[in-house]
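A, B, ... follow the sequence lines: proteins, then strands. Residue 1 opens every chain. Values in this document were obtained by computation on a predicted structure and should not be read as measured data.
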2 protein chains.
Amino acid sequence: MATTRDQLIEKTCELLEMQGYHATGLNQIIKESETPKGSLYYHFPGGKEELAIEAVSYVGRIVLNRITENLAEIDDPAEAIKMFIRNIAVNVERSGYRAGGPITTIALETASGSDSLRETCHRIYSEWQTAFAEKLSDHPRAESIATLIIASIEGGVILCRTSRSRTPLERVADEVAALIAG
Amino acid sequence: MATTRDQLIEKTCELLEMQGYHATGLNQIIKESETPKGSLYYHFPGGKEELAIEAVSYVGRIVLNRITENLAEIDDPAEAIKMFIRNIAVNVERSGYRAGGPITTIALETASGSDSLRETCHRIYSEWQTAFAEKLSDHPRAESIATLIIASIEGGVILCRTSRSRTPLERVADEVAALIAG
DNA sequence: GTCTATACACTGATAGAC
DNA sequence: GTCTATCAGTGTATAGAC
């Protein structure tokens, strides 16, 4: 029971992750999601920016859940986070290096453009960071390490997609684990 | 003695860093650099893509020199790299969080678009990584740590620009230094 | 709520005079 | 080498019938 609104949001998430904000046109979104343009402006009167905000919020929530669930599966924080990052590396490779980092491109493109999109990305990054910090709550530098984790994952995705190799994220996984273990 | 060609490349570097590839139009480049459009296609017959490749190569070389010079100033690798990253944090703040990471946005936007731009970014990231790895040559995991450094700087810039705070890169600097010192 | 047709600005690119 | 005028295509957004 996918509503028109949901179809638009999901297709927008997919295209934004692969192409970014400015390279993704509304015409492509309505064509690939098979929804008429009139419906888009009915559901999202704010146009492209409002649609992107909803899409980024949606995918941010999904990723937050995945972080929480995956980290809960392994007791040792260093090992849990290492496996989580290695899993991202595999997924980036599986996408043909076309996806990975669902909000990274948007965050950069809109950092000096749309303030509402920038704030949405900032909120999501904060939520992700909190999830990692909670897993590291025994560590004296939990918050600081959580920031490094988010930063190195985002940067690692860039390096993997640019080099068409999963090695960068695998190295990030190993080094982050080494840092946590001390 | 700035030639027309150099003016175009330098202005393109500036705009690509702040806005990204797709948000930067050729009209804006020629207007702000005060060079006519005819000259652009005379110097860069390949159009926007060729101009961007030249711009990315140019700024990549400048940054490589800055990495080499700055790292040579302090003997201890952990301290040298820490200060280098803290310096980036200050520069990002100084730009009003509108600049920083001169090729990051381009690397992401063109990862699934232009193959020649993607390869150019890949080459530059490799050169930067080698510069850090050489400074860490005494460390058994020099290459792996150099990858983490590039990734966490690129990601740290994203977090700083998105949150309008220099804290993320300062934390990255501290954690990377902790990792190197062991 | 859904859909089509269209307005209007702007994009990258080119032609041709100078 | 430089500059202007202009092309064809696409972008976001809107109007109005159904």
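- Hydrophobic clustering (side-chain heavy atoms under 4.5 Å, transitive across Ile, Leu, Val, Met, Phe, Trp, Tyr) keeps B:Ile106 apart from B:Leu51.
- The stretch residues 46-62 of chain B participates, sequence neighbours left out, in these salt bridge (Lys or Arg N to Asp or Glu O under 4.0 Å) pairs: B:Arg5-B:Glu54.
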Item to complete: Summarise how protein sits on nucleotides 2-18 of chain D as a single string, 5' to 3': B when a protein heavy atom is under 4.0 Å from the base, S for sugar-phosphate-only contact, - for no contact.
Response: BBB------SBBB----
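- Atom CD1 of B:Ile29 is separated from atom C1' of C:dC10 by 15 Å (rounded to the nearest Å).
- B:Tyr125 and B:Leu108 fall within the same hydrophobic cluster, defined by Ile, Leu, Val, Met, Phe, Trp and Tyr side-chain heavy atoms under 4.5 Å apart, directly or through other members.
- Note on B:Leu64: it clusters hydrophobically with B:Ile149, by side-chain heavy-atom contacts below 4.5 Å among ILVMFWY residues.
- We find that NZ of B:Lys31 is positioned 14 Å from P of C:dG12, with the value rounded to whole Å.
- Side-chain atoms of B:Ser144 and A:Arg171 form no donor-acceptor pair, as typed in the model, at a separation below 3.5 Å.
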